[in-house]
Amino acid sequence: MTAVSASQYDVIILGAGAAGLMCAATAGYRGRRVLVLDHANKPGKKILMSGGGRCNFTNLNSTPANFLSDNPHYCISALKRYTPQDFLELVDRHGIEHEEKAPGQLFCKDSAKDILNMLLTECEWAGAEVRMKTTVDRITEIDSGYRLSVGSGDLTCESLVIATGGLSIPTMGATAFGYRVAEQFGLDILPTRAGLVPFTLQPELKDQLAPLSGVSCPVDVQCHDQHFREPMLVTHRGLSGPAMLQISSFWEPGDSLAIDLLPACRIKDDLLNLRKTRPQSTIANYLTQHLPKRFAQAFNELQGWTGPLQGYKNSDIEQVADVLGHWSIKPAGTEGYRTAEVTLGGVDTRQLSSKTMAVLEKPNLYFIGEVVDVTGHLGGHNFQWAWASGVAAGNSA
């Protein structure tokens with residue numbers, strides 16, 4: 001029997017995040033000799049910070065419709081073969097307590113550490129080695145697979161999996177390394193930009209809303225025929241909260257957002273009825289019934305609505321209803337990768353197998369997770385893609 005060199009592996013995975021660790025455990029359980037490398041000092045940093053430290057680890061309602069991609073059919077196969085229920089079974093096997101905060105959105109009851117520890121335990125049980133603080137200087141294709149030059153010498157593998165993530169949150173160690181590897185092997189990269197990210201505002205509107213920092217209210221926001229009905233949060237820099245993060249993935253510079261501030265109300269009918277029954281009532285009175293008081297007063301001042309409703313003609317009320325139902329703002333931009341939860345774009349999936357995540361022209365080179373052009377909505381979908389793509393590659397690599 002031929003001795004296996006200490007530097008020789010069946011599978012090397014670059015990136016000790018959600019997708020990489022899931023892939024490592026899956027491949028390890030198949031009897032493959034697996035090594036995970038990462039330049040960071042600790043694994044799973046983004047797992048630990050996600051969901052406010054509680055990790056929104058999946059969404060029970062996740063379907064391919066919850067993902068953006070230039071090649072929308074690509075994600076279907078992996079998501080069908082490894083479902084939210086499959087991951088939930090794994091979580092339950094490890095005895096991790098969880099709760100459903102919003103419909104379908106599952107969070108750890110205690111801490112995101114539970115999910116990371118579960119993944120590391122699975123890697124340990126599967127015999128996969130995880131090595132941190134390791135920078136890959138060079139990757140070379142060889143007859144039997146790939147040679148990686150790292151500080152301690154050379155490593156070789158049959159299969160190489162790139163799970164290095166995107167550009168979001170550079171303080172967590174995000175780099176463009178995965179894209180550089182893709183380019184090295186002749187793959188196309190679709191333009192990248194920050195997704196699930198707060199908006200910044202033009203100076204005038206920012207100053208007007210600044211005193212409302214911390215105020216949240218439910219809205220329906222629309223852009224490019226997409227709309228989300230979720231809370232909006234005013235920050236000292238602009239607008240955030242689930243509604244804004246969701247729509248940011250569809251927004252492009254120069255676009256306006258249409259925000260319905262009272263999505264549960266029939267504004268025009270309400271105001272006409274109020275004028276009839278309580279003619280001395282004001283628009284500010286109406287707004288404070290349906291919006292946080294500070295926001296209602298500030299927005300009323302911003303629009304310059306004064307005097308009792310009996311002084312408003314039907315056309316005036318229509319105009320007020322239109323402003324409240326379609327408040328149009330043009331963001332200055334977004335906060336960018338600094339606070340973005342995900343990266344849109346990435347490795348063009350048309351060059352990859354939807355069954356195995358392998359490069360079609362190089363069947364022992366794989367790209368999984370956020371580095372590829374598949375981006376989920378807010379609410380656990382991106383983790384589900386990490387798990388599903390990690391399992392798909394792990395079952396093949």
Side-chain angles (χ1 to χ4, degrees), residues 7-40 43-44 46-47 74-75 77-78 81-82 119-120 122-123 126-132 134-136 138-142 144-150 155-166 173-187 189 346-349 351-374 383 385-397:
S7 63
Q8 203 176 328
Y9 293 86
D10 297 323
V11 185
I12 292 181
I13 298 163
L14 302 186
L21 294 174
M22 194 71 177
C23 181
T26 307
Y29 281 128
R30 288 175 49 236
R32 303 287 276 163
R33 189 165 183 233
V34 181
L35 172 66
V36 181
L37 298 177
D38 200 303
H39 68 109
K46 278 182 84 174
I47 295 173
Y74 176 76
C75 65
S77 173
R81 285 178 292 127
Y82 193 83
L119 293 169
L120 293 172
E122 286 286 322
C123 284
E129 182 188 341
V130 179
R131 196 183 297 177
M132 304 306 293
T134 305
T135 302
V136 176
R138 191 166 64 254
I139 298 171
T140 315
E141 203 168 359
I142 55 176
S144 57
Y146 297 91
R147 179 186 290 115
L148 283 68
S149 301
V150 299
L155 303 166
T156 62
C157 59
E158 283 176 26
S159 296
L160 178 62
V161 182
I162 309 302
T164 49
T175 71
F177 183 81
Y179 307 131
R180 292 202 298 271
V181 175
E183 285 169 341
Q184 177 188 336
F185 291 103
L187 302 185
I189 310 291
V347 176
D348 188 344
T349 59
Q351 305 152 111
L352 308 177
S353 159
S354 61
K355 185 171 190 290
T356 66
M357 312 283 122
V359 177
L360 295 171
E361 304 288 313
K362 293 184 188 301
N364 55 357
L365 177 62
Y366 300 76
F367 288 84
I368 60 174
E370 195 184 341
V371 74
V372 303
D373 173 39
V374 175
F383 272 124
W385 172 245
W387 315 137
S389 61
V391 167
N395 278 325
S396 171

Derivation of the side-chain contact (heavy atoms from CB on, under 4.5 Å) call for V371 and V181: CA-CA 11 Å; V371 74; V181 175; over 6 Å; no
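- Contact of the P43 side chain with the D38 side chain is not registered, since no non-hydrogen atoms from C-beta on lie closer than 4.5 Å.
- A25 and A126 make their closest contact through O-CB, 3.4 Å (heavy atoms, listed as atom of the first residue, atom of the second, distance).
- Of all heavy-atom pairs between S159 and R32, the closest is OG-NH2, 3.9 Å.
- Not counting sequence neighbours, R180 has no partner by the salt bridge (charged side-chain N to carboxylate O under 4.0 Å, His left out) test.
- The distance from the CG atom of L148 to the OG1 atom of T140 is 8.0 Å, given to the nearest 0.5 Å.
- Remark: side-chain polar atoms of D373 are not paired, donor with acceptor, to backbone N or O of D348 under 3.5 angstrom.
- Shown here are the ring-ring contact (aromatic ring centres under 6.0 Å, His included) partners of W385, two or more places apart in sequence or in another chain: there are none.
- For E183, there are no salt bridge (charged side-chain N to carboxylate O under 4.0 Å, His left out) partners, not counting sequence neighbours.
- Under the side-chain hydrogen bond (donor to acceptor under 3.5 Å, both in side chains) criterion, S77 pairs with R81, sequence neighbours left out.
- Taking the side chain as every heavy atom from C-beta outward, Y9 and V34 never approach each other to under 4.5 Å.
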Residues 14-22 side chain polar contacts: donor-acceptor under 3.5 Å, at least two apart:
none

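- Paired with L37 under the rule side-chain contact (heavy atoms from CB on, under 4.5 Å), one option of E129, R131, M132 passes, and it is R131.
- Smallest separation of non-hydrogen atoms from V36 and A24: CG2-CB, 3.4 Å.
- Residues passing the side-chain hydrogen bond (donor to acceptor under 3.5 Å, both in side chains) test with D10: none are found, sequence neighbours excluded.
- Here the CG atom belonging to L35 is positioned 8.0 Å from the OG1 atom belonging to T134, to the nearest 0.5 angstrom.
- Exactly one residue among T164, V161, L187 makes a side-chain contact (heavy atoms from CB on, under 4.5 Å) with F367. That residue is L187.
- Of all non-hydrogen atoms in N364 and E158, the two that sit nearest each other are ND2-O, 3.0 Å.
- We find the CG-CD distance between L352 and E361 to be 11.0 Å, quoted to the nearest 0.5 Å.
- Between I368 and C23, some side-chain heavy-atom pair lies under the 4.5 Å cut-off.
- Between C75 and V374 the shortest heavy-atom distance is CB-CG1, 4.1 Å.
- Annotation: side chain to side chain contact (heavy atoms under 4.5 Å, CB included) contacts of T26 (sequence neighbours excluded): V391, N395.
- Residues I47 and L119 are in side-chain contact: their nearest non-hydrogen atoms beyond the backbone lie under 4.5 Å apart.
- For S144, the side chain to side chain contact (heavy atoms under 4.5 Å, CB included) partners are I142, not counting sequence neighbours.
- For Y74, there are no ring-ring contact (aromatic ring centres under 6.0 Å, His included) partners at least two apart in sequence or on another chain.
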Could you walk me through whether C157 and V11 pass the side-chain contact (heavy atoms from CB on, under 4.5 Å) test, one step at a time? CA-CA 5 Å; C157 59; V11 185; over 6 Å; no
For a side-chain contact (heavy atoms from CB on, under 4.5 Å) check, start with the C-alpha distance between V347 and I189, then their side-chain angles and the critical distance, and finish with the verdict. CA-CA 5 Å; V347 176; I189 310 291; 4.0 Å; yes
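- For E141, the side chain to side chain contact (heavy atoms under 4.5 Å, CB included) criterion is met by Y146, F185, K362, not counting sequence neighbours.
- For Q351, there are no side-chain hydrogen bond (donor to acceptor under 3.5 Å, both in side chains) partners two or more places apart in sequence or in a different chain.
- Among residues two or more places apart in sequence or in another chain, the side-chain hydrogen bond (donor to acceptor under 3.5 Å, both in side chains) test is passed with S396 by Y366.
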Going through the distances and angles, do T135 and H39 end up as a side-chain contact (heavy atoms from CB on, under 4.5 Å)? CA-CA 5 Å; T135 302; H39 68 109; 4.0 Å; yes
